[in-house]
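Numbered from 1 within each chain, the chains take letters A, B, ... in sequence-line order.
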Number of protein chains: 6
Amino acid sequence: MDLTHINKEGRAKMVDVSSKEDTKREGIAAASIYMKRETLEKIEEGRIKKGDVLSVAQVAGIMGAKSTPQIIPMCHPIMINGCDISFNLDFENNKVDIRSEVKNTGKTGVEMEALTAVSIAALTIYDMCKAIDREMVISDIMLIKKSGGKSGLFERDEYNGKGNSY
Amino acid sequence: MDLTHINKEGRAKMVDVSSKEDTKREGIAAASIYMKRETLEKIEEGRIKKGDVLSVAQVAGIMGAKSTPQIIPMCHPIMINGCDISFNLDFENNKVDIRSEVKNTGKTGVEMEALTAVSIAALTIYDMCKAIDREMVISDIMLIKKSGGKSGLFERDEYNGKGNSY
Amino acid sequence: MDLTHINKEGRAKMVDVSSKEDTKREGIAAASIYMKRETLEKIEEGRIKKGDVLSVAQVAGIMGAKSTPQIIPMCHPIMINGCDISFNLDFENNKVDIRSEVKNTGKTGVEMEALTAVSIAALTIYDMCKAIDREMVISDIMLIKKSGGKSGLFERDEYNGKGNSY
Amino acid sequence: MDLTHINKEGRAKMVDVSSKEDTKREGIAAASIYMKRETLEKIEEGRIKKGDVLSVAQVAGIMGAKSTPQIIPMCHPIMINGCDISFNLDFENNKVDIRSEVKNTGKTGVEMEALTAVSIAALTIYDMCKAIDREMVISDIMLIKKSGGKSGLFERDEYNGKGNSY
Amino acid sequence: MDLTHINKEGRAKMVDVSSKEDTKREGIAAASIYMKRETLEKIEEGRIKKGDVLSVAQVAGIMGAKSTPQIIPMCHPIMINGCDISFNLDFENNKVDIRSEVKNTGKTGVEMEALTAVSIAALTIYDMCKAIDREMVISDIMLIKKSGGKSGLFERDEYNGKGNSY
Amino acid sequence: MDLTHINKEGRAKMVDVSSKEDTKREGIAAASIYMKRETLEKIEEGRIKKGDVLSVAQVAGIMGAKSTPQIIPMCHPIMINGCDISFNLDFENNKVDIRSEVKNTGKTGVEMEALTAVSIAALTIYDMCKAIDREMVISDIMLIKKSGGKSGLFERDEYNGKGNSY
């Protein structure tokens, strides 16, 4: 199987999907951001009080899902039908787990939108906490599930092998 | 120490940096994308021929560095002075290592620009190879070095503990 | 009735509209910008000569309608079918009345696009006249009419109670 | 005094500020969104629980301040140094009062950034509550204070004449 | 026939296309950038080595096609189905010929997307080579073919009259 | 002399300008759009009435100058100090000549901003007139003058050799 994004001259193109049918599609992705316990506790406190770091990360993630075609060069423009992002504070492994669910009806799927959403949510958490913790690490950005379209269902086995709490 | 991005009502604000001085600053970040050996070989072939997947990822990463303040809600607008991204194909661990170097002269630093650049470069690699490998995982997004500004030099020890080849 | 933009954790989400049908929709909104009589006269002069302030406001409003999903976090991406903006100089009350009409065919409506269009048109008038009048006030931004979709027709009674001349 | 945004042909231009000096500047703006009492109560409940509508409006307003030069055609690009937005629920007049403070160091001021921030925050509140209240009205968008630059200090007298609670 | 982008007041509007049907459409455009022979040779060398100038121009052109509705004020938002750009080095006339093919399914066509793609690809070539050649000239930006929609097929006769090698 | 936008691996980078000094800079660019005489007359009529096609093109060009760093991948972010665009209807050669003047104070110049401004103004004219004339051709996009910075003054000789009326 070949890399479909490459044209005859060996350079990138945006693949033609004109002949694909519009189907209902869903993409689910995950990411984790590892941090000092102290940082995690600050985030939790904030959430109990007025919920700020995660609220901002959530808005950033949703807006990131919408701007995916502007950010990822070969992505098709897509009109997403919905996007939800949730967070889980994992005190056992000192990390925040992030999960996105994106839906659309169209000729191409929303895997990239789901992956971009969790990535930007994680970067936003980094940004808002970096004054107290520069050593945070964002890891385990992965596709959990994808449905709809000709290639059908994809589900990741044991995706939480690295401790993702979802 | 408190989370500086939170105002008196407990909600987010963009911190006032008016009284900070303009200094020369640099940020270096890294990320890795793990994949099937077959996928890594396809990318290498491509590079030998006309270099496409990584060329596109590089453009995406540089444009991502520039659009960081539009993507990350509390980031200050910044005029970056330069941005370089490089890639290393690691056949021992079946991954591509990505490294960004961003420079600016200003009141705030370019950590987020460097981290956003490697994240978007990695997402672009995912996008261009996902037709042949949906199980790729993006990990180890981290700040390697930061210089300039009041908080001074930050350098990550042993950042390549997880096998990042830089 | 609940706020539909809030998820189970109490944070914002973009509502899933996958199961909604595509229907023809229309949104009409209004706004007014109050100013000194001298400012209004300058605008009129300009219009008689070569029409500038309002022409720029009109372009800004139309581009604003198109960028609504990038500006308003929980708005669904929409492909608007058309957008028209008109202005009325009201010398009785020393204000400019702005009216937008936006149309689309889709799963969600264009209320926000119509409201964003008049808001940005008004802000543009402020920007272009602020050198001679800093005390202008933008008011009465409201939805006049909305048709299409499951919730059906909405028409505002007496919307011009505050003197909007449309 | 003439409209400075108009060139010799009578069309718009972006005024040349090359010879202006960089000074510290500040802009403060206000807006109010009038609504049904029931809507205001829903927002307050939300805030007590996990604060969502206003958190999203705040992020939208801050990002709006940053994107002002992309939205308002003749606005100069500006690097804002900081931005804070606050909200006051006014149960006497059934409205939410919004106030923004924006700072920069540069050749032009941040009046438009402050005005755009409150406008977009208000539009976001409308968007998130429109399912339960389509008759909300956004009004009293005005500049409260502006300092720095050649034109010096501007402060609005009696700006809260219409009941703005700040 | 009248200019359809102008409303009753003589100002611009985005034409209403609600009643148009969705059809498959295609747009093909061309452009050329004339330069010193030395510059053309540098580009070719680059391409033979690792292909950079043209790879960057290609990514820029494709992203430009996607952002056309944000750049061209009265353009309708469109979801393009695919986009390919190719380059031909013409050593006889010392120029690079650029050709774009864009496809969509929708109520309006992709002429502007195709024209914007080649324009931005050409500007990117200028940007990357301007350190060695400031006198490059971009010319012959034109629509080659357009199919689909009510106005039907358009094909340019003798479009290569000026030496475009496609 | 080498292409400065290419890094050691042969791929693109954004050149580091940290050590350059801030100087006052100016860029002037030109473009022409050739059309049927009938189209040119329609534009002139429009201008006499209320000036629309060229007003919209002017706003588009100015906004294009501001968004150059988002559109052209390796361009440095720049805060332009001013931008003016003018048009000349050339009935001898049936074309519209477009001229932009852009100014900034910074480490890099505004050649690309000036060139992008005239290109987008020309594309906007095409868009607004294409319903009556699909065969328009945009040509002669070139840098006329550039001042400031280490490379000093550049002025194009005989730039109007092809009939540009400026």
Student: Roughly how far, to the nearest 0.5 Å, is the NZ atom of F:Lys130 from the CG atom of E:Leu115?
Tutor: 9.0 Å
Student: In the structure I gave you, are the side-chain heavy atoms of F:Arg134 and E:Arg156 within less than 4.5 Å of one another anywhere?
Tutor: no
Student: Out of curiosity, E:Met63 CE to F:Ile71 CD1, how far, rounded to the nearest 0.5 Å?
Tutor: 11.0 Å
Student: Which of residues 145-154 of chain F get closer than 4.5 angstrom to chain E, counting heavy atoms alone?
Tutor: F:Lys146, F:Ser151, F:Phe154
Student: Between E:Leu123 and F:Ser119, is any pair of side-chain heavy atoms under 4.5 Å apart?
Tutor: yes
Student: For F:Gln70, is it the side chain, the backbone, both or neither that has a heavy atom under 4.5 Å from a heavy atom of chain E?
Tutor: neither
Student: Please state whether the side chain, the backbone, both or neither of E:Thr124 comes within less than 4.5 Å of a heavy atom of chain F.
Tutor: both
Student: Looking at chain F, which one of E:Ala121, E:Ala60, E:Ala57, E:Pro73 has the largest number of heavy-atom pairs inside 4.5 Å, strictly under?
Tutor: E:Pro73
Student: Are E:Met74 and F:Val56 close enough, and set up right, to give a side-chain contact (heavy atoms from CB on, under 4.5 Å), and what steps lead you there?
Tutor: CA-CA 9 Å; E:Met74 300 301 141; F:Val56 177; 4.1 Å; yes
Student: Taking side chain as everything from C-beta outward and backbone as N, CA, C, O, which of these in F:Met136 sits under 4.5 Å from a heavy atom of chain E? Side chain, backbone, both or neither.
Tutor: backbone
Student: May I ask you to test the E:Ile72-F:Tyr126 pair for a side-chain heavy-atom distance under 4.5 Å?
Tutor: no
Student: Kindly compute the distance separating CG (F:Asp140) from CD1 (E:Ile138), expressed to the nearest 0.5 Å.
Tutor: 11.0 Å
Student: In terms of heavy-atom pairs under 4.5 Å with chain F, which of E:Val59, E:Ile120, E:Ile141, E:Thr68 leads?
Tutor: E:Ile141
